[in-house]
Amino acid sequence: MLTPTAEEMMITMFTRMDEIMIEIPDVEKPDPNAAAAVQELLGGKFGEMSTLNNYLYQSFNFRSKDKLKPFYDLVMSITAEELGHVELVSHAVNKCLRGSTAYKKPDSTPLADVKDARLSYHFLAGAQGAMPFDSMGNPWTGANVFNSGNLVEDLLHNFFLECGARTHKMKVYEMTDHPAARAVVGFLLVRGGVHVVAYAKALEIATGVNVTKLVPIPSLDNKAFNEARKYEEKGVHTKLYTWSDKDFSSIDQIWKGTHPEDGLPLEVIQGVPEGFPIPEAPEVKEEFAPGISAEEFKEIAKRLKMAGNIHD
């Protein structure tokens with residue numbers, strides 16, 4: 001058996017950075033029920049875990065990728081972006097949950113304030129953090145993944161999936177005014193619209209049918225959403241990233257021409273967009289998280305110094 005070279009191995013690997021795609025407002029506005037609503041955009045049928053895993057498995061199982069390279073590159077690049085979307089929605093959930101409880105001694109019932117929260121699982125099974133569930137607490141399932149192996153059928157499914165995802169984002173935006181939730185949903189409305197148009201263009205090239213005439217489903221116009229409009233004014237809706245320094249560049253055979261909403265030219269960018277620091281999550285002592293006392297922190301720091309041969 002031949003051993004792959006380092007370069008060959010890198011082709012199938014993901015690169016991760018300690019960043020997220022946008023800066024999320026750091027507000028102290030606990031809203032557990034808003035977090036429950038945002039969970040739909042994470043683990044729902046049309047949530048980011050579904051878009052990610054649909055495209056991920058389509059990329060794993062893609063047939064004739066050399067002959068159909070622009071389509072393969074498109075699915076690969078959008079897959080990478082969806083990983084970042086899963087991360088963003090998770091942090092939006094975390095921000096909505098932050099500050100829902102405060103530390104008190106166990107007999108003082110520190111979690112009493114959230115016993116009536118619609119998704120108490122956030123507090124029982126975790127430590128006020130996102131989970132792979134929908135808005136009703138149903139676990140995300142692989143049954144949401146569609147991969148027929150037929151290029152046109154899969155592209156048509158992806159177009160429908162992105163349209164459904166957009167509808168759900170719009171409803172969640174209307175359901176909560178939490179600044180963190182709206183910031184993330186507004187951005188995702190814009191980027192999801194990019195994927196709607198990308199799959200429509202791919203279908204047009206594959207079949208000769210102008211699927212962009214089906215757009216809007218619903219309207220791709222984001223002017224009614226303050227948190228989306230600001231990104232469109234920066235042209236974020238016209239850019240498609242390869243998420244690779246050198247691969248997947250043939251998406252420019254699909255992502256070209258003008259945007260169907262405003263006629264602005266479309267642009268392929270080799271690489272990744274600018275990132276922002278991942279938010280710091282404070283300890284939640286009433287949830288026993290991270291469960292490390294001040295004395296234990298000191299001991300851990302001492303052992304880390306020893307392991308790194310660091311001397312005071």
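Scope of the values below: all heavy atoms of this structure, side chains included, with no hydrogens, waters or symmetry mates.
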Item to check | Stepwise side chain to side chain contact (heavy atoms under 4.5 Å, CB included) test for Val268 and Ser249 | outcome: CA-CA 8 Å; Val268 171; Ser249 58; over 6 Å; no
Checklist entry - Given Tyr231 and Phe225, is the ring pair (Phe, Tyr, Trp, His ring centres under 6.0 Å) satisfied, shown in steps? => result CA-CA 10 Å; Tyr231 290 109; Phe225 305 91; over 10 Å; no
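- When all heavy atoms of Pro279 and Ile20 are compared, the closest pair comes out as CD-CD1, 3.6 Å.
- With salt bridges taken as basic N to acidic carboxylate O contacts below 4.0 Å, none links Arg229 and Glu232.
- Proximity of Glu287 to Leu111: side-chain heavy atoms (C-beta onward) are separated by under 4.5 Å at one or more points.
- At a threshold of 4.5 Å between side-chain heavy atoms, the hydrophobic network of Ile, Leu, Val, Met, Phe, Trp and Tyr places Val114 and Met136 in two separate groups.
- Listed by chain and number, the hydrophobic cluster partners of Phe133 are Tyr121, Met131, where partners are ILVMFWY side chains within reach of under 4.5 Å, directly or through others.
- The aromatic ring centroids of Phe248 and Tyr241 lie 6.0 Å or more from each other.
- Smallest separation of non-hydrogen atoms from Arg98 and Pro30: O-CB, 3.4 Å.
- The side-chain hydrogen bond (donor to acceptor under 3.5 Å, both in side chains) search around Asp113 returns none, not counting sequence neighbours.
- The minimum heavy-atom distance between Asn53 and Val145, with the atom names listed, is CB-CG2, 3.7 Å.
- Applying the salt bridge (charged side-chain N to carboxylate O under 4.0 Å, His left out) test to pairs two or more places apart or on separate chains, those with a residue in residues 84-96 are Arg16-Glu87, Asp26-Lys95.
- Atom CG of Leu189 is separated from atom NE2 of His168 by 12.5 Å, given to the nearest 0.5 angstrom.
- In terms of modelled atom types and a separation under 3.5 Å, the side chain of Thr242 and the main chain of Gly271 share a donor-acceptor contact.
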Next on the checklist: Applying side chain to side chain contact (heavy atoms under 4.5 Å, CB included) to Leu156 and Leu203, what does each step give before you reach the verdict?
Outcome noted: CA-CA 7 Å; Leu156 190 59; Leu203 280 163; 3.9 Å; yes
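- The shortest distance between side-chain heavy atoms of Val27 and His178 falls below 4.5 Å.
- Nearest heavy-atom pair across Val38 and Ala92 is CG1-CB, 4.2 Å.
- Side-chain atoms of Arg191 and Leu240, non-hydrogen and from C-beta on, do get closer than 4.5 Å to each other.
- Tracing side-chain contacts under 4.5 Å through hydrophobic residues (I, L, V, M, F, W, Y), one reaches Leu56 starting from Met21; they form part of the same cluster.
- In this structure, Lys105 does not pair ionically with Asp107, as no charged nitrogen and carboxylate oxygen lie closer than 4.0 Å.
- With a 6.0 Å radius and a threshold of 12 heavy atoms from other residues, nucleotides or ligands, Phe62 has its CZ atom above the threshold.
- Put simply, Phe276 and Val86 are part of two different groups of oily side chains (I, L, V, M, F, W, Y) that touch within less than 4.5 Å, one to the next.
- No side-chain heavy atom of Glu261 sits under 4.5 Å from any side-chain heavy atom of His237.
- Using modelled atom types, no side-chain atom of Asn138 and backbone atom of Asp134 make a donor-acceptor pair closer than 3.5 Å.
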Checklist entry - Does the side chain to side chain donor-acceptor pair (under 3.5 Å) test come out yes or no for Ser250 and Gln253, once each step is laid out? => result CA-CA 6 Å; Ser250 66; Gln253 295 177 43; 4.7 Å; no
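- Pairs engaging residues 44-64 under the salt bridge (charged side-chain N to carboxylate O under 4.0 Å, His left out) rule: Glu48-Lys169 [sequence neighbours left out].
- Contact check for Ser50 versus Trp140: side-chain heavy atoms found under the 4.5 Å cut-off.
- Asn94 places a side-chain N or O within 3.5 Å of a backbone atom of Ala130 that can act as its donor or acceptor partner.
- Residues Phe123 and Gln128 meet the side-chain proximity criterion, which asks for heavy atoms closer than 4.5 Å.
- Atom CE of Met306 and atom CZ of Arg303 lie 9.5 Å apart (nearest 0.5 Å).
- Val236 and Leu264 fall into different hydrophobic clusters, where Ile, Leu, Val, Met, Phe, Trp and Tyr residues are linked whenever their side-chain heavy atoms come under 4.5 Å apart, directly or through other members.
- Interatomic distance, Leu68 CG to Ile205 CD1, rounded to the nearest 0.5 Å: 12.0 Å.
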Item to check | Derivation and outcome, side chain to side chain donor-acceptor pair (under 3.5 Å), residues His157 and Gln58 | outcome: CA-CA 11 Å; His157 167 80; Gln58 288 174 17; 5.0 Å; no
Next on the checklist: salt bridge (charged side-chain N to carboxylate O under 4.0 Å, His left out) for Lys302 and Glu299? Distances and angles first, verdict last.
Outcome noted: CA-CA 5 Å; Lys302 185 188 297 183; Glu299 286 300 317; 3.5 Å; yes
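- More than 12 heavy-atom neighbours from other residues, nucleotides or ligands sit within 6.0 angstrom of CD on Glu283.
- Contact check for Asn54 versus Asn147: no side-chain heavy atoms found under the 4.5 Å cut-off.
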Checklist entry - Stepwise, does the side chain to side chain contact (heavy atoms under 4.5 Å, CB included) test hold for His85 with Leu188? => result CA-CA 7 Å; His85 291 183; Leu188 293 179; 3.5 Å; yes
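- Of all heavy-atom pairs spanning Ala228 and Val190, the tightest one is O-CG2, 3.4 Å.
- At most 12 non-hydrogen atoms from other residues, nucleotides or ligands lie less than 6.0 angstrom from CZ of Phe160.
- Note that NZ of Lys230 and CD of Glu227 are 4.0 Å apart. Values are rounded to the nearest 0.5 Å.
- For the ring pair (Phe, Tyr, Trp, His ring centres under 6.0 Å) criterion with Tyr55, the lone passing option out of Trp243, Tyr199, Phe60 is Tyr199.
- In this structure, Glu81 contributes its side chain and Leu52 its backbone to no donor-acceptor pair below 3.5 Å.
- Under the side-chain hydrogen bond (donor to acceptor under 3.5 Å, both in side chains) criterion, Glu40 pairs with Ser135, not counting sequence neighbours.
- Between His259 and Val197 the shortest heavy-atom distance is NE2-CG2, 4.0 Å.
- At a threshold of 4.5 Å between non-hydrogen side-chain atoms, the residues Trp255 and Val194 count as touching.
- Between Asp177 and Lys29 there is a salt bridge, since at least one side-chain N of the basic residue sits less than 4.0 Å from a carboxylate O of the acidic one.
- A donor-acceptor pair is defined here as one N or O able to donate and one able to accept, closer than 3.5 Å; such a pair exists between the side chain of Asn33 and the backbone of Arg118.
- No continuous path of hydrophobic side-chain contacts links Leu119 to Val184 [ILVMFWY only; heavy atoms under 4.5 Å].
- With rounding to the nearest 0.5 Å, the separation of CD in Glu162 from OG1 in Thr167 is 11.0 Å.
- Using a 4.5 Å cut-off between side-chain heavy atoms of Ile, Leu, Val, Met, Phe, Trp and Tyr, Ile300 falls into a hydrophobic cluster with Ile292, Phe297, Leu304.
- Of the inter-residue distances, the one linking Leu74 atom CG with Leu155 atom CG reads 7.5 Å to the nearest 0.5 angstrom.
- More than 12 heavy atoms of other residues, nucleotides or ligands lie within 6.0 Å of NZ in Lys104, so this atom counts as buried by the packing criterion.
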